[in-house]
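Below is one structure, written out as structure tokens, with a few remarks after it.
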Amino acid sequence: MTVVAAVLCCALYTYAAGRLRRRGDAWARGRDAVWWLGWAVLVCSVEVPWGTYLPPFTAHTVAHLGAGMVAPLLVVVARPVTLALRTVPVAVRRGLVSLTRARVVRFLVLPPVAAVIDVGGLWLLYRAPLPAGVHHSPLLYPHLFAAGTLFTFSVLALDPLRHRPGLPLRAGTLLVAAAAHAVLAKSLWAAGPPGTAYAAADLRMASQLMYYGGDLVEIALAVVVAHQWYRAEGRALRRVRMLSTVAEGTGDGHDQSAADAAAAHREHGRRTVAGSP
Amino acid sequence: MTEGPPQPHRSRSLVGGLLAGVGVAAFVDEAVFHQLLHWHHFYDRSTTDAGLVSDGFFHAFGWLATVAGLFLYADLRRRNGLLRTAWWSGVCLGLGGFQLYDGTIHHKVLRLHQIRYGVDPAPYDWTWNAIAVLFLAAGVALWLRARRTGDRAHGRPRVRTGAA
């Protein structure tokens, strides 16, 4: 099932990207690569019988990290919504645009809401007394993947959104979500999910895997967010340098123009830090 | 001498250094004391819930601060706005502050884990916290120096921006 979905998604993406390139638009090939890689990670996480190589809860944690964190990061970095908006027929695009503007979607992609759904769901999964079937449900990993993708999508905000949340909100949400993930991971060291009886060694390995594995993905998310800020600052800087070169070229009133440019620069810097890049 | 606000990138240098300092402290704690020496324990039976929450928060903040600190440093270099004394002051303050918090609140109050097991922890605690205080003192001294040199060098970034 996962394999069919993955092959279909990869084929669609590559077809769309190819159409874009044939049309003469630029679409980095690296994006195709991360998209495929993301789906490959998802398939490996869900389909490989990790339980035959690893103790049961550690095996589950490998699948959880792959499907819920690594695959969503790769898939979101490939900017599938941007690609879809640029390639689908007009009628479909209208539907897609109104979907991205729908009230419920706008609510779900608010970073704190997406974080509560993703990490809160994880807390429920590991800490609430759920019926035993839930932990072995075939819908568990697709659900982890969907929640992880929603969270990654909202924190990275790479695809166009009506009201892109500002950098402080996205960075703050990432920090709180990463902390909640680390606390949950460490607490599993001492006590497994209620109603389960995993061996202590299994829990300890799984707990450390979740703690440090989560770190790696969260660092990658932080690098993407910080790079957006860095690029926005760079654009602001180039504008100022252009302005002051123009001011020097005219010769007249150089000091005043340079002072204005510097003031505009500082003002802009403040705005880019506070607002969206 | 041109007029203008005194040294626009001094506080940004300080913040960049602070974040990098917290990152270095968190990295040394994790890499050296947890992974290489195995002195610190991942989990201690006496760990309180508040200890777990504080650990999770500072653990996450350590990594994110490292990333943010590196990008801020790159940005300061790019705009010729790095004031080295202010940056190093931030590094010392961040490092010392994180270590002092770790050594007092984490290790002693919240009993997250001890510095080393199977020995009397008192000398380790005193050394740990004394080093933290030394870093904080160095940070304050550097900051006072940065304020003096910053005032002398004020207006410098604008001249460079104009020349580029």
Side-chain angles (χ1 to χ4, degrees), chain A residues 167 171-172 174-191 203-204 207-208 211-212 214-216 218-234 236-238 240-245 247-248 254-255 257-259 261-263 265-266 269 273, chain B residues 1-5 8-9 12 15-16 19 23 26-27 30-31 34-35 41-81 112-113 155 157-164:
Chain A
L167 189 79
L174 177 58
L175 173 63
V176 175
H181 189 266
V183 173
L184 180 60
K186 203 168 245 197
S187 80
L188 286 168
W189 197 90
L203 280 177
R204 289 172 190 183
S207 161
Q208 296 193 51
Y211 191 78
Y212 294 117
D215 284 354
L216 290 180
E218 284 144 14
I219 291 169
L221 290 171
V223 166
V224 175
V225 172
H227 189 244
Q228 291 172 347
W229 171 84
Y230 186 76
R231 280 181 56 191
E233 286 288 285
L237 195 62
R238 274 197 298 282
V240 173
R241 285 183 174 165
M242 224 162 65
L243 272 174
S244 55
T245 313
E248 264 173 46
H254 164 216
D255 274 357
S257 308
H265 167 214
R266 280 192 298 279
V273 170
Chain B
M1 254 338 236
T2 45
E3 284 184 0
H9 298 309
R12 195 180 267 205
V15 172
L19 291 167
F27 180 76
E30 187 57 58
H34 280 276
Q35 304 298 336
H41 286 184
F42 185 72
Y43 192 97
D44 181 325
R45 289 283 167 194
S46 64
T47 303
T48 58
D49 285 349
L52 273 187
V53 172
S54 183
D55 169 79
F57 188 80
F58 272 84
H59 182 72
F61 184 63
W63 289 126
L64 301 190
T66 311
V67 173
L70 288 173
F71 275 92
L72 262 172
Y73 183 82
D75 180 65
L76 285 163
R77 288 297 303 267
R78 175 172 67 181
R79 55 176 80 235
N80 285 323
L112 194 60
H113 53 61
R158 183 189 299 166
V159 174
R160 293 257 178 107
T161 307

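As a basis for the values below, the full set of heavy atoms in this structure was taken, side chains included, without hydrogen atoms, waters or symmetry mates. Chain A is the first sequence line, chain B the second, and so forth, proteins listed ahead of strands; every chain is numbered from 1.
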- Measure across B:G62 and B:A26 and return the closest heavy-atom pair with its distance rounded to 0.1 Å. CA-CB, 3.7 Å

- Structural part of A:L221 lying under 4.5 Å from a heavy atom of chain B: neither

- Item | Members of residues 65-72 of chain B whose heavy atoms come closer than 4.5 Å to chain A | B:V67, B:F71, B:L72

- Note on the structure: A:G214 and A:H181 have their tightest heavy-atom pair at CA-CE1, 3.8 Å

- Looking at A:A179, A:A185, A:S207, A:A177, which one has more heavy-atom pairs under 4.5 Å with chain B than the rest? A:A179

- B:R79 side chain vs B:H9 backbone, donor-acceptor pair below 3.5 Å: no

- Task: List in chain and number order the residues that pass salt bridge (charged side-chain N to carboxylate O under 4.0 Å, His left out) with B:R77, two or more places apart in sequence or in another chain; answer none if no residue qualifies.
- Result: none

- Task: Quick one: sort the A:Y212 and B:H59 rings into parallel, tilted or perpendicular, breaks at 30° and 60°.
- Result: perpendicular

- Item | Residues, nucleotides or ligands: over 12 heavy atoms within 6.0 Å of A:R231 CZ | no

- In sequence, state the C-alpha distance, the side-chain angles, and the governing distance for A:V224 and A:Q228, and then conclude on side chain to side chain contact (heavy atoms under 4.5 Å, CB included). CA-CA 6 Å; A:V224 175; A:Q228 291 172 347; 4.3 Å; yes

- Per-residue contact mode, A:H227 against chain B (heavy atom under 4.5 angstrom): both

- Note on the structure: Most heavy-atom pairs under 4.5 Å with chain B, out of A:V225, A:D215, A:L184, belong to A:D215

- Query: According to the interplanar angle, ranging from 0 to 90°, do the rings of B:F61 and B:F58 count as parallel (below 30°), tilted (30 to 60°) or perpendicular (above 60°)?
  - Reply: perpendicular

